[in-house]
Protein chains: 2
Amino acid sequence: MILIEQLRNIAVFASLSDSSLHELSKHMELVKHPKGAIIIRADKVEPNFFVLEKGIARAYCNGENQEITFWFGQAGNVLFSFNSYINNRPGYENVELLENSTLIQMRLNDLFSLYEQNLEIANWGRKIAEQELIATEKRLIDRAFKGAAERYQEFITQSPELNKRVALKHIASYLGVTQVTLSRIRAACK
Amino acid sequence: MILIEQLRNIAVFASLSDSSLHELSKHMELVKHPKGAIIIRADKVEPNFFVLEKGIARAYCNGENQEITFWFGQAGNVLFSFNSYINNRPGYENVELLENSTLIQMRLNDLFSLYEQNLEIANWGRKIAEQELIATEKRLIDRAFKGAAERYQEFITQSPELNKRVALKHIASYLGVTQVTLSRIRAACK
DNA sequence: TCATTTTTTTAACATTTGTAAAATGTTGCC
DNA sequence: GGCAACATTTTACAAATGTTAAAAAAATGA
């Protein structure tokens with residue numbers, strides 16, 4: 001159980017009334033994990049939904065000889081195994097904390113029950129999925145229209161915090177290039 | 001106004017009760033457009049939400065010297081301007097019908113009112129966004145892990161109908177390659 | 001059917017990006 | 001400090017894809 005005042009500071013909860021926030025908070029708890037912790041594992045149904053209260057995280061898939069980072073989370077972002085959340089099936093992604101972090105944690109089953117009971121919370125969940133959807137689609141389109149150098153410039157402009165705190169190898173795969181290519185891009189614009 | 005029996009044949013409505021379906025159907029109408037019609041235009045807020053009842057469609061963005069197709073819709077798919085639907089702002093995409101098509105059309109404002117009134121419909125809207133989200137994210141990940149040839153093989157396996165009915169130039173940009181590259185891939189696996 | 005337009009393929013060449021391996025830089029810890 | 005582990009850059013070369021232009025094939029409409 002978490003205090004409503006604490007949730008009010010987190011942007012993702014801004015649209016909710018006190019009463020809905022209270023309903024949610026009953027099922028939430030605060031957990032801490034150290035840097036390097038893997039909080040979601042591929043091939044396992046993850047029963048929890050998280051909000052990153054403090055810290056940063058990355059989601060990645062394991063390929064044959066490489067790891068691809070395809071998502072970064074910062075304080076205030078929601079964090080869940082897409083396939084567990086949406087289809088109740090094992091996910092394809094691992095989520096690793098890149099710093100010592102604090103997470104708000106809630107059972108998916110509790111969240112799903114609230115979706116079936118509370119109209120405001122159901123619409124809140126809808127908007128979360130919609131915002132993630134539009135961000136993901138924009139990234140897909142950017143891959144087609146923008147070169148790797150331009151995507152990198154945009155990344156450091158729009159996510160200066162991540163740029164400071166995340167290893168370049170993770171940024172490289174997030175941008176869809178190898179680390180060598182990213183090094184070349186960085187060398188070219190010095 | 002559309003008959004409930006007609007909607008029952010469309011997979012996306014399967015989870016809804018008769019009563020919710022009736023609420024939706026009050027605001028729906030059936031419209032026909034010819035092949036080549038542009039039903040959603042970039043830089044314009046599109047006030048309607050559509051379900052493709054018959055036909056196929058593609059969403060594309062205009063670049064400097066190229067058009068990038070990033071989405072295909074078939075019978076049963078929902079179809080809307082993401083930015084209009086989600087942020088009430090002009091979109092970035094055009095949607096063109098690739099065949100003579102029949103569409104179920106509904107005002108976004110009517111849909112949004114139902115989201116605020118009807119729990120079942122709000123959760124239905126949530127699931128639509130979630131399904132689109134997971135499909136889009138999988139495509140983004142596939143771009144990183146799979147070569148263009150493999151993505152093409154998967155496309156023709158998973159979307160044989162689109163493969164038959166859509167021009168190769170559109171498939172090429174959907175897969176993230178030029179038409180020349182797709183031609184080479186097709187020549188190599190003959 | 002024929003002519004016209006559009007789509008698809010092919011070719012030659014340029015560019016980008018990838019791969020592998022070595023060199024350099026950074027960090028944390030004893 | 002100095003070692004060990006890890007991250008980043010650099011180099012040389014290979015592979016994939018892009019660009020441009022032209023030819024071939026297919027679709028369209030009178």
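Predicted model, so just to flag it, every value in this text is computed and none were measured. Every chain is numbered from 1, with letters handed out A, B, ... down the list of sequences.
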Without decimals, in angstroms, what is the distance between [X] [atom1] and [N] [atom2]?
| X | N | atom1 | atom2 | value |
| --- | --- | --- | --- | --- |
| Y152(A) | dT9(D) | OH | P | 8 Å |
| K146(B) | dG18(C) | NZ | P | 18 Å |
| R151(B) | dA16(D) | CZ | P | 14 Å |
| L168(A) | dC6(D) | CG | P | 17 Å |
| I171(A) | dA7(D) | CD1 | P | 13 Å |
| R143(B) | dT17(D) | CZ | P | 12 Å |
| L175(A) | dG18(C) | CG | C1' | 16 Å |

Please, which pairs that meet ring pair (Phe, Tyr, Trp, His ring centres under 6.0 Å) have at least one residue in residues 163-190 of chain B, sequence neighbours excluded?
F72(B)-Y174(B), F155(B)-Y174(B)

Could you tell me which non-hydrogen atom of F80(B) sits nearest to which non-hydrogen atom of E93(B), and how far apart they are?
O-OE2, 4.2 Å

Of all the heavy-atom pairs spanning G91(B) and S81(B), show the shortest one and how long it is.
CA-OG, 3.8 Å

Answer with yes or no whether the hydrophobic clustering places [X] together with [Y]; edges join I, L, V, M, F, W, Y residues whose side-chain heavy atoms lie under 4.5 Å apart.
| X | Y | answer |
| --- | --- | --- |
| I121(A) | L21(A) | yes |
| V78(A) | Y60(A) | no |
| L140(B) | Y152(B) | no |

Specify the angle, to 10°, made by the local axes at the two ends of the helix from dT1(C)-dA30(D) to dC30(C)-dG1(D) when five pairs are taken at each end.
40°

To the nearest 0.5 Å, what is the distance between CG on L114(A) and CD on E120(A)?
11.5 Å

Within this structure, what is the CD-NE2 distance for the pair E96(A) and H33(A), rounded to the nearest 0.5 Å?
13.0 Å

In the 5'-to-3' direction, what one-character label does each nucleotide of nucleotides 23-30 of chain D receive under the scheme B = base within less than 4.0 Å of a protein heavy atom, S = sugar-phosphate only, - = no such atom?
--------

Could you write nucleotides 25-30 of chain C as a row of B, S and -, 5' to 3', where a protein heavy atom under 4.0 Å of any base atom gives B, of only sugar-phosphate atoms gives S, and otherwise -?
------

Starting from the 5' end of DNA chain D, give me the residue, A187(A) or K169(A), whose nearest nucleotide shows up first.
K169(A)

Pair L175(B), I185(B) - check side-chain contact (heavy atoms from CB on, under 4.5 Å), show working.
CA-CA 12 Å; L175(B) 295 174; I185(B) 289 167; over 6 Å; no

Neighbour count >12 (heavy atoms, 6.0 Å) for atom NZ, K32(A):
no

Among residues at least two apart in sequence or on other chains, which ones pass side-chain contact (heavy atoms from CB on, under 4.5 Å) with S15(B)?
W124(B)

Just to be sure I understand the geometry, which residues of residues 176-186 of chain A put a non-hydrogen atom under 4.0 Å away from DNA chain D?
Q179(A), V180(A), S183(A), R184(A), R186(A)

Short question: side chain of S25(B), backbone of H22(B) - any donor-acceptor pair under 3.5 Å?
yes

Between E5(A) and R8(A), does any NZ, NE, NH1 or NH2 come within less than 4.0 Å of an OD or OE carboxylate oxygen?
no

